Amino acid sequence: MIERGLTADIIKASICGLTEAVHTNQGFEVTLPQMYHNGQSVVVMIRPDDGGFIVHDNSYAAMLLSNLGFAVGKRLGDALAPQVASYGCDLTELRVWRRCETLEDIGAILALVGCASRLIADQALKADRPPLHDFKSSLLSKVVSAVGVQRVRTNEEVSGHLGSRYRVSTVVLDRAQHKPIAFVEPITDRDAIARRFKQFYDLSLNPNYEQIERIAVYDEATPMPSGDALLIEEVGNLVRFADTTQRFRSWATVQ
């Protein structure tokens with residue numbers, strides 16, 4: 001029995017709608033119809049290599065774990081390598097990858113690399129307790145307190161000027177809830193600095209976002225080196241967590 005117009009074609013179109021392939025200077029960036037436990041889509045890269053192709057996750061799963069405070073290094077890699085191998089993939093410095101020889105195999109190998117990448121990220125679900133104070137959630141609460149929940153969007157997908165896709169942790173809308181006025185990202189550790197710089201720089205070159213504030217927030221309990229602070233300031237605004245209430249208050253009246 002078909003319920004409320006549901007058909008096989010509708011289901012297929014819905015799944016395909018979650019998939020996207022964008023050409024970048026590193027190869028094709030492919031968004032898969034898979035998600036990590038934090039709600040972000042699984043994204044893998046594919047590029048030509050010696051008559052075939054290399055598919056890899058660009059170490060995204062490892063970066064996700066790092067942002068949650070997990071120690072990502074050789075010990076974790078050695079422990080996970082056999083599990084990653086069960087998907088026919090290899091693990092090099094927590095970068096999941098697999099070689100593809102023919103065009104016919106691309107779809108299956110993209111899916112397998114995506115599954116193995118999720119396996120890496122899912123280590124966060126096995127922890128008995130969160131490894132670190134949930135800085136991201138605390139930051140989101142600060143934004144909501146300043147502007148109200150109706151003006152906040154989380155994990156919104158945006159595009160850089162060359163087509164790269166990013167998931168913005170927190171997007172603040174104007175009072176009419178028609179357009180974004182600020183992108184807010186947490187900096188949880190030093191590894192996040194380079195990623196935030198790349199993201200903010202790329203978004204700053206997209207004319208659609210040039211008027212939107214780019215805010216990076218760090219925990220003053222973990223001092224940031226002056227050089228890293230200056231790097232972020234080149235592409236956005238760096239704010240201490242202790243100063244966020246005052247800093248975000250100005251958005252309350254933005255039309």
Side-chain angles (χ1 to χ4, degrees), residues 31 34-43 57-72 76 94 117-118 120-158 160 164-173 180-203 209 212-224 228-229 231-233 235-249 251:
T31 302
Q34 297 169 287
M35 292 185 179
Y36 294 110
H37 63 273
N38 65 350
Q40 295 190 21
S41 297
V42 176
V43 177
D57 77 338
N58 216 18
S59 299
Y60 184 80
M63 289 189 288
L64 189 155
L65 286 180
S66 178
N67 284 343
L68 291 173
F70 285 83
V72 292
L76 181 62
L94 287 174
S117 184
R118 276 201 57 210
I120 300 292
D122 282 350
Q123 300 310 300
L125 302 178
K126 299 179 181 180
D128 293 332
R129 58 183 176 82
L132 283 180
H133 169 64
D134 196 341
F135 183 66
K136 183 176 179 179
S137 295
S138 297
L139 177 57
L140 177 60
S141 296
K142 289 281 191 179
V143 179
V144 170
S145 295
V147 301
V149 69
Q150 298 300 322
R151 292 179 56 190
V152 175
R153 300 289 183 270
T154 59
N155 293 321
E156 290 276 304
E157 186 177 76
V158 296
S164 293
R165 301 282 181 169
Y166 303 94
R167 290 278 180 177
V168 178
S169 297
T170 304
V171 177
V172 181
L173 305 178
I181 60 173
F183 295 150
V184 183
E185 293 283 12
I187 294 182
T188 53
D189 53 46
R190 289 201 65 184
D191 290 339
I193 294 170
R195 296 194 300 276
R196 293 301 176 225
F197 176 83
K198 176 182 181 295
Q199 174 187 353
F200 281 2
Y201 175 74
D202 203 4
L203 295 179
Y209 306 136
I212 299 174
E213 286 192 73
R214 296 175 297 279
I215 306 293
V217 180
Y218 72 100
D219 188 347
E220 60 275 10
T222 305
M224 180 177 295
D228 291 342
L231 189 68
I232 294 296
E233 288 284 359
V235 292
N237 294 305
L238 186 64
V239 179
R240 297 189 312 159
F241 184 77
D243 297 331
T244 52
T245 298
Q246 180 178 356
R247 180 65 177 79
F248 296 165
R249 191 177 295 137
W251 294 333

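Given the structure is predicted, the values throughout are model-derived calculations rather than measurements.
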- prompt: Where the side chain of S145 meets the backbone of S141, is there a donor-acceptor pair that is under 3.5 Å apart?
  reply: yes

- prompt: Could you state the interatomic distance from CG (D219) to CZ (R240), rounded to the nearest 0.5 Å?
  reply: 10.5 Å

field: Shortest non-hydrogen separation from I232 to A216 and the atoms involved
entry: CG2-CB, 3.8 Å

message: How close do V172 and V184 get, counting heavy atoms only, and between which atoms?
response: CG2-CG2, 4.3 Å

query: When rounded to the nearest 0.5 angstrom, what is the spacing between CG in L140 and OG in S169?
result: 9.0 Å

- prompt: Between L94 and S59, is any pair of side-chain heavy atoms under 4.5 Å apart?
  reply: no

Within-4.5 Å side-chain heavy-atom neighbours: Y36 and S117: yes

message: Does the Lys NZ or Arg CZ of K142 fall within the cation-pi geometry relative to F248 - under 6.0 Å from the ring centre and within 45° of the axis?
response: no

- request: Could you tell me whether the side chain of T170 reaches within less than 4.5 Å of the side chain of E156, counting heavy atoms only?
  value: no

- request: Can you see which heavy atom on I120 is nearest to which on A62, and at what distance?
  value: CG2-N, 4.2 Å

message: Using side-chain heavy atoms (C-beta onward) and a distance below 4.5 Å, is L238 in contact with I187?
response: yes

Listing, residues 192-200 side-chain donor-acceptor contacts under 3.5 Å, not counting sequence neighbours, or none:
from: R195; atom 1: NH1; to: D191; atom 2: O; distance (Å): 3.0
from: R195; atom 1: NH2; to: N67; atom 2: OD1; distance (Å): 2.4
from: R196; atom 1: NE; to: P186; atom 2: O; distance (Å): 3.2
from: R196; atom 1: NH1; to: Q199; atom 2: OE1; distance (Å): 3.0
from: R196; atom 1: NH2; to: E185; atom 2: OE1; distance (Å): 3.4
from: K198; atom 1: NZ; to: Y166; atom 2: OH; distance (Å): 2.9
from: Q199; atom 1: NE2; to: E185; atom 2: OE2; distance (Å): 2.8

- prompt: So do the side chains of I215 and W251 get within less than 4.5 Å of each other, counting heavy atoms only?
  reply: yes

- prompt: Is there a donor-acceptor contact under 3.5 Å from the side chain of R153 to the main chain of V171?
  reply: no

- line: Here the pair of heavy atoms bringing R247 nearest to N237 is NH2-ND2, 3.8 Å

- line: Nearest heavy-atom contact between S41 and T31 is CB-CG2, 3.7 Å

task: Report yes if some heavy atom in the side chain of M35 is under 4.5 Å from a heavy atom in the side chain of V42; otherwise report no.
output: no

message: So I181 and L173, do their side chains get closer than 4.5 Å, heavy atoms only?
response: no

field: Side chain to side chain, V239 and Y218, heavy atoms closer than 4.5 Å
entry: no

query: Any salt bridge between R118 and D122, counting N to O under 4.0 Å?
result: yes

